[in-house]
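Have a look at the structure below before the remarks.
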There are 2 protein chains.
Amino acid sequence: MLTHAAEDYLKSIYKLQEKGGKVSTGILAEYLDVKPASATGMIKKLKTMKLVRHERYRGVTLTAAGKAIALEIIRHHRLLELYLFKALGVPWDGVHEEAEKLEHVISEEVEARMDEFLGYPTADPHGAPIPDKNGVVTQTASIPMTDLQKGQTCAVAEVSDNDSALLRHIGSFNLYPGTAFRVVEVAPFDGPFTIDIAGQQVVIGREVAKHIFVDQVQDPDNV
Amino acid sequence: MLTHAAEDYLKSIYKLQEKGGKVSTGILAEYLDVKPASATGMIKKLKTMKLVRHERYRGVTLTAAGKAIALEIIRHHRLLELYLFKALGVPWDGVHEEAEKLEHVISEEVEARMDEFLGYPTADPHGAPIPDKNGVVTQTASIPMTDLQKGQTCAVAEVSDNDSALLRHIGSFNLYPGTAFRVVEVAPFDGPFTIDIAGQQVVIGREVAKHIFVDQVQDPDNV
DNA sequence: AAACTAATTTAGGCATGCCTAAATTATATA
DNA sequence: TATATAATTTAGGCATGCCTAAATTAGTTT
């Protein structure tokens, strides 16, 4: 079995590969809050285990085996987040941290029981997709809220999960995934967004909006 | 924060202290499946942390601080066992192993939510007492099943939790804590027990009976 | 009391995974 | 092309927690 640290490296490589593309030692080290020299060491070890490919000075890639493990850990993480949120009522700004520890430790049995309890869900409380038990990820297309125009309606698809204070803030406006809203006003010069959620008007700063992703975007009827 | 290993040592010292009395380095090492030299090393470290008292060649004792941590871990373990059993339907012969890993990792928040969900329980699925959040243990008096006489009635109070196969065996007779039964026959020369559970007669070998503890013992009416 | 046995502790080693500092390689600029 | 800068890797160290082998201490026997 792999160590927790090794699992964290594989998970991080997968995530960085998803958005960025090339995963350098430095980027990986920064993401894991570790020095580059430490990342080099773990990369070497993972390479001997045939979980990653690596060419000096050229970055890391997951092998099929490495990707499978990364997806397994991500699945654990997201299932746990949703389970803690729905079954135990842990507030959504706390589930990430908790799942970060539990994801390395739960058995396949517990994974399966949570999955069943939750009705085989496809997204965690922040809207991130949950890989199925075969490692298949169903991605949904979404755009950053900052791309919205005045008058458009949409639904929250996903929010960043790593900043607890930000999540509390977003949660206070009820901007959970699935929530629909309409853009009432976009202040000029990269100013805040005023939106309408179920009749309530709230103002969302640009920095916050960058961490919110939406889908089901529709233009206003009267244009 | 303590390491998982240190927590396991404290927990083990507590448990050995409970039944045996004096906890020697050797006993502790054997219990933890570790060499005596390793136990010596950890004992030294725990001593510098003022979690145990130790005199060379004379055994270990928990300090108040050490006992508090031990009880906290045991509370986690037993709450987790019951939660996994009741909320997720993990079979009772699997919950021990799972809880063994999770006990070091859950937050106070999750502990509290499980406690609430379960209605502030006082015993785990094997009948072992769950310390309350202040570390208070409510012990119930029970006797080994092997002390029972023909004709007596009683209820299962507790069963050993560390042998998975044994638990499956006991479970197949429905001998869960709380289950009442009557002793129909005790075979001579330390032979097996024949008991009546809800009208069904089953035979329990002596070796198995040693791991079952009962309370509410009553003598037959017609004697 | 001396000697033997059992328990415990000390000493030295190994793997993991982090660190800092120095050396190396790649890339961009003059 | 030569040099400066940035990224990466190597080298050596530290803490944790396990191991084996050897030394020490305690307790028991003769």
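All chains are named by letter (A, B, ...) in the order of the sequence lines, taking the proteins before the strands, and each is independently numbered beginning at 1. Fair warning: this is a prediction, and the values are worked out from it, not measured in the lab.
Here the closest non-hydrogen pair linking B:Ala99 and B:Leu84 is N-CD1, 4.4 Å. Of all non-hydrogen atoms in A:Phe85 and A:Pro91, the two that sit nearest each other are CD1-C, 4.4 Å.
Within 4.0 Å of A:Thr25, counting heavy atoms only, lie sugar-phosphate atoms of the nucleic acid but no base atom. Among the protein residues, A:Ser38 comes within range of the nucleic acid bases, having at least one heavy atom under 4.0 Å from a base atom. A:Gly26 comes within contact range of the sugar-phosphate backbone alone, with a heavy-atom separation under 4.0 Å but no base atom that close. Within the nucleic acid shown, A:Thr40 comes within 4.0 Å of at least one base atom, counting heavy atoms only. The residue A:Ala37 sits close to a base: some heavy atom pair falls under 4.0 Å.
Checking B:His104, B:Glu103, B:His76, B:Glu72 one by one against B:Lys11, the side-chain hydrogen bond (donor to acceptor under 3.5 Å, both in side chains) holds for a single residue, B:Glu103. Exactly one residue among B:His126, B:Arg168, B:His169 makes a side-chain hydrogen bond (donor to acceptor under 3.5 Å, both in side chains) with B:Asp93. That residue is B:Arg168.
Residues B:Lys210 and B:Glu207 are paired through a salt bridge, judged by an N-O separation under 4.0 Å between the basic side chain and the carboxylate. Salt bridge A:Asp115/A:Arg75: present, at least one basic N to carboxylate O contact under 4.0 Å.
Rounded to an integer number of Å, the gap from NE2 of B:His54 to C1' of C:dA7 is 11 Å.
For B:Lys22 and A:Met42, each mapped to the nucleotide of DNA chain C holding its nearest heavy atom, the one lying further toward the 5' end belongs to B:Lys22.
In this structure, the separation between CD1 on A:Ile13 and CD1 on A:Ile27 is 13.0 Å, given to the nearest 0.5 Å. To the nearest 0.5 Å, the span separating CD1 on A:Ile43 from CG on A:Leu28 amounts to 5.5 Å. In this structure, the separation between CE on B:Met42 and NZ on B:Lys47 is 16.0 Å, given to the nearest 0.5 Å.
Below the 3.5 angstrom threshold, one finds a donor paired with an acceptor across the side chain of A:Tyr57 and the base of C:dT24.
Along DNA chain D, the stretch of nucleotides lying under 4.0 Å from any heavy atom of chain B spans, 5' to 3', D:dT16 to D:dA26.
An end-to-end axis angle of 20° holds for the helix from C:dA1-D:dT30 to C:dA30-D:dT1, taken from five base pairs per end and rounded to 10°.
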